[in-house]
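The sequence lines fix the lettering, A, B, ..., with proteins before strands; numbering per chain opens at 1. Please read these numbers as outputs of a predicted model, since none were measured by experiment.
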There are 2 protein chains.
Amino acid sequence: MPSSPSTSRTLFDDDRTGIIYRTAARIIYEKGFDATSMSEIAEALDLTKPGLYYYVKGKKELLYSIMRCAMNLLDSDVVEPAALIADPEERLRVIIREHARLLTNEAGALAILIDEDGGLSAEHREDIAKRKRAYFEFLRRTLEALEAEGRLREVDSTVAAFSLLGMVMWIARWYDSKGRLASEKVVQDVTEIALAGMLVPRSKESMGLAQVQ
Amino acid sequence: MPSSPSTSRTLFDDDRTGIIYRTAARIIYEKGFDATSMSEIAEALDLTKPGLYYYVKGKKELLYSIMRCAMNLLDSDVVEPAALIADPEERLRVIIREHARLLTNEAGALAILIDEDGGLSAEHREDIAKRKRAYFEFLRRTLEALEAEGRLREVDSTVAAFSLLGMVMWIARWYDSKGRLASEKVVQDVTEIALAGMLVPRSKESMGLAQVQ
DNA sequence: GAATATTTACCGACCGGTAGGTAAACCGGT
DNA sequence: ACCGGTTTACCTACCGGTCGGTAAATATTC
């Protein structure tokens with residue numbers, strides 16, 4: 001069995017399994033999990049079906065591995081940097097910005113996380129769900145910290161967290177890297193909309209550089 | 001052949017086909033289109049597969065019919081009322097509010113519209129895509145009207161429209177009618193967040209009752 | 001109003017096709 | 001000679017969809 005079939009150091013390794021995960025993620029993202037056959041994935045890798053099965057244990061395992069990699073990516077690129085920031089407003093901004101940035105770049109793998117969890121076995125699904133929940137709670141706690149300082153609007157923190165998540169996750173569905181909009185413009189705008197939707201408007205005293213129109 | 005296999009007057013009729021569409025929509029929404037077999041749908045209706053095929057022409061046709069009904073619902077409950085409103089801010093509020101309200105009620109059928117369009121034939125998919133696009137453009141034009149009056153933040157109207165859509169559509173994924181949050185509270189909060197995210201803050205002159213913390 | 005004809009609403013059995021998955025043979029490098 | 005990597009050939013299971021048939025309701029004729 002080659003290298004590490006499931007540990008995946010940081011995100012996608014550069015070895016064969018890494019390439020397999022990435023390719024599979026792209027195809028599954030484009031066509032949907034059920035609609036994608038193992039033969040198709042194998043063909044895209046210049047392999048036959050059993051050739052692919054040499055590297056992966058099964059279709060569900062493959063999906064699970066991809067999802068774990070995606071969650072790792074989310075943790076390392078979004079949660080870890082954000083967790084270092086004390087100020088809740090600034091932390092929120094980093095979460096939104098980095099998550100959005102991630103989605104405009106490595107859309108395929110990340111987007112699978114959104115849907116396609118029906119393809120997992122019960123235990124695997126619970127595992128992924130737990131990690132998703134952890135991310136959600138991280139976001140929600142940030143909003144509650146904001147609330148404690150009177151800087152969050154008068155909305156339920158759960159509703160607010162889901163609204164943010166929806167706005168950001170949705171990017172994967174519509175953003176086209178070859179389209180009119182530059183990825184950084186999208187990230188900027190979404191971040192601004194999200195922050196403005198959450199924060200209670202600062203009445204007069206403008207500290208630091210305000211978002212000028 | 002029974003009544004109207006595809007015309008569907010306003011939304012879901014109360015006849016047999018209506019019940020079939022609703023049931024099928026719920027199951028397909030829960031399990032995904034590909035993962036749902038016609039036998040399962042039939043079983044849920046206390047029918048055998050051929051019994052179900054007496055009412056529907058095929059699996060794809062069934063999905064298409066459900067989607068058309070869902071789009072009709074969106075048009076009649078969201079677009080039509082909103083189209084009557086001249087003021088762009090008020091119109092935007094109605095769009096968000098009514099769309100959110102629809103999702104907290106008849107989630108199953110509406111949510112299918114989001115994903116699952118891969119199950120359609122090329123022509124059917126194009127037809128649904130066209131109607132979706134029309135809705136999106138309706139939303140975007142509203143934002144541009146807002147922009148023309150200097151009431152929209154300095155963001156791209158396309159990005160803004162997608163962000164709104166994501167936030168609202170996402171409700172179908174997380175809202176549980178049997179959960180802690182009352183549907184109207186969710187609708188209210190999402191509407192507030194969405195509006196606040198779009199509108200440039202009114203500097204001084206506060207008209208009407210402002211949202212006080 | 002009884003007998004007949006026709007439609008409605010459905011079922012059991014089955015077919016063609018395809019997908020996930022496997023066993024065993026094969027091959028190239030060291 | 002061996003072992004990582006790959007292929008050919010195949011099995012089983014299931015799914016969409018059809019065919020022939022049928023019990024009950026409905027319409028039609030006399």
With 3.5 Å as the limit, what N/O pairs link the protein to nucleotides 22-25 of chain D?
none

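Taking NZ from B:K31 and CG from A:D34, the interatomic distance works out to 10.0 Å, rounded to the nearest 0.5 Å.
If you check C:dA9, D:dT6, C:dG20 against the side chain of A:S37, the one that comes closest is C:dG20. For A:Y54, the listed nucleotide lying nearest its side chain is D:dG4; candidates were D:dT7, C:dA9, D:dG4.
Among the atoms of the strands shown, none is found under 4.0 Å from any heavy atom of B:L52.
Side-chain N/O atoms of A:T158 and B:R180 include a donor and acceptor closer than 3.5 Å.
Computed from coordinates, the B:L63 CG to D:dG17 C1' distance equals 17 Å when rounded to whole Å. Going from atom CD1 of A:I20 over to atom P of D:dG5 covers 10 Å, rounded to whole Å. In this entry the distance linking CG of A:D46 with P of D:dG5 reads 17 Å, nearest Å. Taking atom CD1 of residue A:I41 and atom C1' of nucleotide C:dG20, one finds them 11 Å apart after rounding to whole Å. Atom CG of A:L45 and atom P of D:dT6 are 10 Å apart (whole Å). Between the CD atom of B:E43 and the P atom of D:dC14 there is a distance of 14 Å, rounded to whole Å. Following rounding to the nearest Å, A:F33 (CZ) and C:dA19 (P) show an atom-to-atom distance of 13 Å.
With respect to A:K185 and A:D189, a salt bridge is recorded, a charged nitrogen being found less than 4.0 Å from a carboxylate O. Looking at A:E137 and A:R140, a side-chain N of the basic residue comes within less than 4.0 Å of a carboxylate O on the acidic one, giving a salt bridge.
Between A:V56 and A:E61, every side-chain heavy-atom pair lies at or beyond the 4.5 Å cut-off. Residues B:L103 and B:W170 form no side-chain contact, since every pair of their non-hydrogen atoms from C-beta on lies 4.5 Å or further apart.
Between D:dT7 and A:T48, a contact under 4.0 Å exists linking OP1 or OP2 to a side-chain N or O.
At most 12 heavy atoms of other shown residues, nucleotides or ligands fall within 6.0 angstrom of atom NZ in B:K130.
Note on the helix from C:dG1-D:dC30 to C:dT30-D:dA1: terminal axis deviation equals 20°, with five pairs used at each end and the result rounded to 10°.
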Side-chain donor-acceptor pairs under 3.5 Å in residues 93-102 of chain B, sequence neighbours left out?
{"from": "B:R93", "atom 1": "NE", "to": "B:E90", "atom 2": "OE1", "distance (Å)": "3.4"}
{"from": "B:R93", "atom 1": "NH2", "to": "B:E89", "atom 2": "OE2", "distance (Å)": "3.3"}
{"from": "B:E98", "atom 1": "OE2", "to": "B:R101", "atom 2": "NH1", "distance (Å)": "3.0"}
{"from": "B:H99", "atom 1": "ND1", "to": "B:Y135", "atom 2": "OH", "distance (Å)": "2.6"}
{"from": "B:R101", "atom 1": "NE", "to": "B:E184", "atom 2": "OE2", "distance (Å)": "3.0"}
{"from": "B:R101", "atom 1": "NH2", "to": "B:E184", "atom 2": "OE1", "distance (Å)": "3.2"}

Sequence neighbours left out, cut at 3.5 Å: what donor-acceptor pairs do the side chains of residues 109-120 of chain A make with other protein atoms?
{"from": "A:D115", "atom 1": "OD1", "to": "A:R173", "atom 2": "NH2", "distance (Å)": "2.8"}
{"from": "A:D115", "atom 1": "OD1", "to": "B:R173", "atom 2": "NH2", "distance (Å)": "2.6"}
{"from": "A:E116", "atom 1": "OE1", "to": "A:F33", "atom 2": "N", "distance (Å)": "3.3"}
{"from": "A:E116", "atom 1": "OE2", "to": "A:F33", "atom 2": "N", "distance (Å)": "3.2"}

Open item on the list: I need a per-nucleotide contact map over nucleotides 21-30 of chain C, read 5' to 3'. Cutoff is protein heavy atoms under 4.0 Å; write B for the base, S for backbone only, - otherwise.
Closed with: BBB-------
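Taking the centre and axis of the six-membered ring of B:Y64, the NZ or CZ atom of B:R68 falls inside the cone set by 45° and 6.0 Å.
Remark: B:F162 engages A:W174, B:F136 in a ring pair (Phe, Tyr, Trp, His ring centres under 6.0 Å) (not counting sequence neighbours).
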